[in-house]
Every structure is written in C-alpha cells, then in structure tokens.
Amino acid sequence: MTRETTRRGFVTGVVGAGATGAAGAPVAAQETETDGGGGTAAGGGTGTDGGTAAGGGTEAGGGTAAGGGGTAGGGGGGGQPDFGDWFADVGNYNGEVVDLRGEGQPEVQVGTEANGGAFGFGPPAVHVENGATVSWTWTGDGCPHNVVEQEEVFGSGEPGCEGASPFEYTFEEDGIYRYICEPHLQLGMKGAVVVGTDYPTVDTGGGGGPGIPTVPDTALTLGVATGFAMAATLGLAYLFIKYGGDYGEFEGA
C-alpha cells in the first residue's frame with residue numbers, strides 16, 4: 001500500500017469520524033433529554049405529593065397557636081394567619097397569635113401599655129373558635145378608647161373609658177377580623193381576631209424543585225457544527241505535522 005493511499009484513507013477516516021460524531025450528537029442529546037424527561041416523570045413521583053396526604057399530618061400543625069386544624073398554606077385553614085402589613089406599626093405585636101380557643105370567656109384588654117403609652121390592645125392578635133364571644137375590657141388608662149372593626153362588622157360606639165367596658169361580640173363566621181381604636185389609630189392601636197379554621201394563611205411555598213434544563217435547538221446545532229469543524233481541523237493539522245506539507249515527494253514515492 002502506497003503512502004498516498006494511507007494518507008487518503010486517514011483523511012477519509014477523520015472526515016467520516018467527524019460526520020459520525022455530528023450525526024450521533026443529536027441522538028445523544030435526544031437521549032439525554034429523554035433521560036432528563038424520564039427523571040421528570042420520576043418527578044411525577046411528585047405523585048408522592050399525594051404523600052402530602054401524609055402531610056395532612058400537618059394538621060398536627062393545628063397544635064400551633066396560629067394553627068386551626070386544617071391544611072397549612074395560602075388558601076386558608078389551620079396555618080399562620082395572613083395579616084398582611086396590618087401589624088407593621090403596632091409596637092406590642094411580636095408575631096404571636098394567642099390561642100384562646102377553649103377559653104370560656106376570651107378577653108382582650110383595651111388600653112394596655114404599647115405604642116408609647118396605654119395605646120394598645122392586649123393581646124393584639126388572638127385565635128378563637130367559631131361561636132365564641134370575645135370581651136374587650138377597658139383598663140382605664142390612655143382613654144378615650146373604642147373598638148371598631150375595619151369593615152364595620154362590629155363596633156363599641158363612641159370612644160370612652162371604663163363606662164364603655166366591657167364590649168362583647170359573638171363571632172359566627174370564620175375569618176380574620178381586624179379592628180382599631182379610632183382616636184389612637186395613628187399611634188398603632190390595632191388588633192385582630194382569627195376565628196375558626198377557614199381564614200387566609202401565609203403562603204409558605206412548598207412548590208417542587210427546579211426542573212431539568214433543556215438544551216435549545218440552536219445551541220445543539222452550533223455544538224454539532226463546532227465539533228465537526230474541530231475534528232476536521234485536527235485531522236488536517238495531523239497531516240501537516242506528519243508529512244510537513246511536502247506532497248510532491250510524497251506523490252513520487
């Protein structure tokens with residue numbers, strides 16, 4: 001076999017290998033995507049999210065002060081109550097919702113020490129059962145005070161002192177009831193009553209993890225073309241290094 005035959009066979013082999021690599025790359029990529037997709041199907045094992053039924057054991061979360069006895073999450077029932085920014089300027093609110101369910105006579109004080117004086121409800125946030133009667137009792141400090149629900153569901157009337165005490169209201173619907181003291185609203189004298197189990201709750205997330213990234217077609221095509229060009233370039237470089245480019249003497253052999 002002549003050196004010319006050897007050289008041509010090598011070039012053909014290099015080019016063929018590049019073409020084979022180019023053709024095989026999309027297949028490999030497709031297999032990769034399929035494998036990744038299969039992994040997503042395993043993500044269909046998020047059907048074990050049905051195991052979130054076991055997460056229904058989150059009902060144990062009803063044991064928290066903020067809990068009710070339902071599912072924790074953004075829809076309502078049993079999770080951390082969603083007050084929005086209602087308590088943003090309330091000095092005596094520390095994030096706690098005092099659980100008064102089961103109390104024979106749930107009570108909130110009006111005029112507790114807060115917000116720079118006797119300008120607070122104590123405690124500012126409570127959780128009671130549906131059907132409970134809450135009693136607001138004036139301390140006699142920081143007067144005059146009143147209790148007015150922001151949607152006017154209930155109200156104690158004109159601001160006063162001990163003479164206005166106590167004010168009572170029976171809750172017959174689940175939800176969150178936000179209320180204020182009108183004379184001291186600007187000081188942050190606000191409160192809230194969480195009733196029952198069906199109320200807006202804070203969304204704690206809990207979505208699935210990030211999916212498996214996919215390779216865009218344009219990037220895939222560019223990668224294949226680059227691989228082919230590199231294979232061809234390496235093949236030619238090998239020929240020049242081995243034979244030095246002196247093809248005249250090579251052909252005469």
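Any value given below was found using the heavy atoms of this structure, including those in side chains, with hydrogens, waters and symmetry copies removed. In this text, all values refer to a predicted model and were calculated from it rather than measured experimentally.
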Trainee: Is there a side-chain contact (heavy atoms from CB on, under 4.5 Å) between Val147 and Trp138 once you walk through the steps?
Mentor: CA-CA 10 Å; Val147 177; Trp138 274 242; 4.0 Å; yes
Trainee: Indicate every side-chain donor-acceptor pair of residues 106-115 with a distance under 3.5 Å to a residue at least two apart or in another chain.
Mentor:
{"from": "Thr112", "atom 1": "OG1", "to": "Gly120", "atom 2": "O", "distance (Å)": "3.1"}
{"from": "Asn115", "atom 1": "OD1", "to": "Gly91", "atom 2": "N", "distance (Å)": "2.6"}
{"from": "Asn115", "atom 1": "ND2", "to": "Phe119", "atom 2": "O", "distance (Å)": "2.7"}
{"from": "Asn115", "atom 1": "ND2", "to": "Gly188", "atom 2": "O", "distance (Å)": "3.2"}

Trainee: May I have all residue pairs that pass side chain to side chain donor-acceptor pair (under 3.5 Å) and include part of residues 164-175, sequence neighbours excluded?
Mentor: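 Listed by first then second residue: Asn130-Asp174, Thr133-Thr170.
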Trainee: Please lay out, stage by stage, how Phe167 and His145 fare under the test ring-ring contact (aromatic ring centres under 6.0 Å, His included).
Mentor: CA-CA 11 Å; Phe167 165 68; His145 301 300; over 10 Å; no
Trainee: Angle class for the Tyr177/Phe154 ring planes (parallel below 30°, perpendicular above 60°, tilted otherwise)?
Mentor: tilted
Trainee: Sequence neighbours left out, what passes side-chain contact (heavy atoms from CB on, under 4.5 Å) with Glu129? Give chain and number order.
Mentor: Arg101
Trainee: Which residues pass the side-chain contact (heavy atoms from CB on, under 4.5 Å) test with Pro144, sequence neighbours left out?
Mentor: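 Here the qualifying residues are Pro159.
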Trainee: What residues, two or more places apart in sequence or in another chain, satisfy ring-ring contact (aromatic ring centres under 6.0 Å, His included) together with Phe87?
Mentor: Phe83, Tyr93
Trainee: Does the side chain of Val134 come within less than 4.5 Å of Val128's, by heavy atoms?
Mentor: yes
Trainee: Going by salt bridge (Lys or Arg N to Asp or Glu O under 4.0 Å), name the residues that satisfy it together with Asp89, two or more places apart in sequence or in a different chain.
Mentor: Lys190
Trainee: Mind listing the closest non-hydrogen atom pair of Val202 and Pro81 along with its distance?
Mentor: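 It is CG2-O, 3.6 Å.
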Trainee: May I have all residue pairs that pass disulfide (SG to SG under 2.5 Å) and include part of residues 148-199, sequence neighbours excluded?
Mentor: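 Listed by first then second residue: Cys143-Cys161.
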Trainee: Kindly write out the residues that satisfy ring-ring contact (aromatic ring centres under 6.0 Å, His included) with Phe121, not counting sequence neighbours, or none if the list is empty.
Mentor: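 ring-ring contact (aromatic ring centres under 6.0 Å, His included) check on Phe121 returns Tyr179.
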Trainee: Would Val193 and Ile176 count as a side-chain contact (heavy atoms from CB on, under 4.5 Å) here? Give the steps.
Mentor: CA-CA 6 Å; Val193 178; Ile176 296 177; over 6 Å; no
Trainee: What residues form a side-chain contact (heavy atoms from CB on, under 4.5 Å) with Glu151, not counting sequence neighbours?
Mentor: Glu149, Val153
Trainee: Please list every donor-acceptor pair under 3.5 Å in which a side-chain atom of residues 226-233 meets a protein atom from a residue at least two apart or in another chain.
Mentor:
{"from": "Thr226", "atom 1": "OG1", "to": "Leu222", "atom 2": "O", "distance (Å)": "2.8"}
{"from": "Thr233", "atom 1": "OG1", "to": "Ala229", "atom 2": "O", "distance (Å)": "2.8"}

Trainee: Verify, without hydrogens or angle tests, whether Trp136 (side chain) and Ser156 (backbone) share a donor-acceptor contact under 3.5 angstrom.
Mentor: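 Judged by distance alone, no pair lies under 3.5 Å.
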Trainee: For the residue pair Gly84 and Asp82, what are the closest heavy atoms and their distance?
Mentor: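 Shortest heavy-atom separation between Gly84 and Asp82 comes out as N-OD1, 3.0 Å.
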Trainee: Under the side-chain contact (heavy atoms from CB on, under 4.5 Å) criterion, do Thr137 and Thr139 qualify, and how do the steps go?
Mentor: CA-CA 6 Å; Thr137 304; Thr139 64; over 6 Å; no
Trainee: Please check: side-chain N/O of Asn146 versus main-chain N/O of Glu182, any donor-acceptor pairing under 3.5 Å?
Mentor: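 The answer is yes, because a donor-acceptor pair under 3.5 Å joins these two groups.
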Trainee: About how many Å separate CD1 of Ile180 and NE2 of His184, when rounded to the nearest 0.5 Å?
Mentor: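 Going from NE2 on His184 over to CD1 on Ile180, the span is 11.5 Å.
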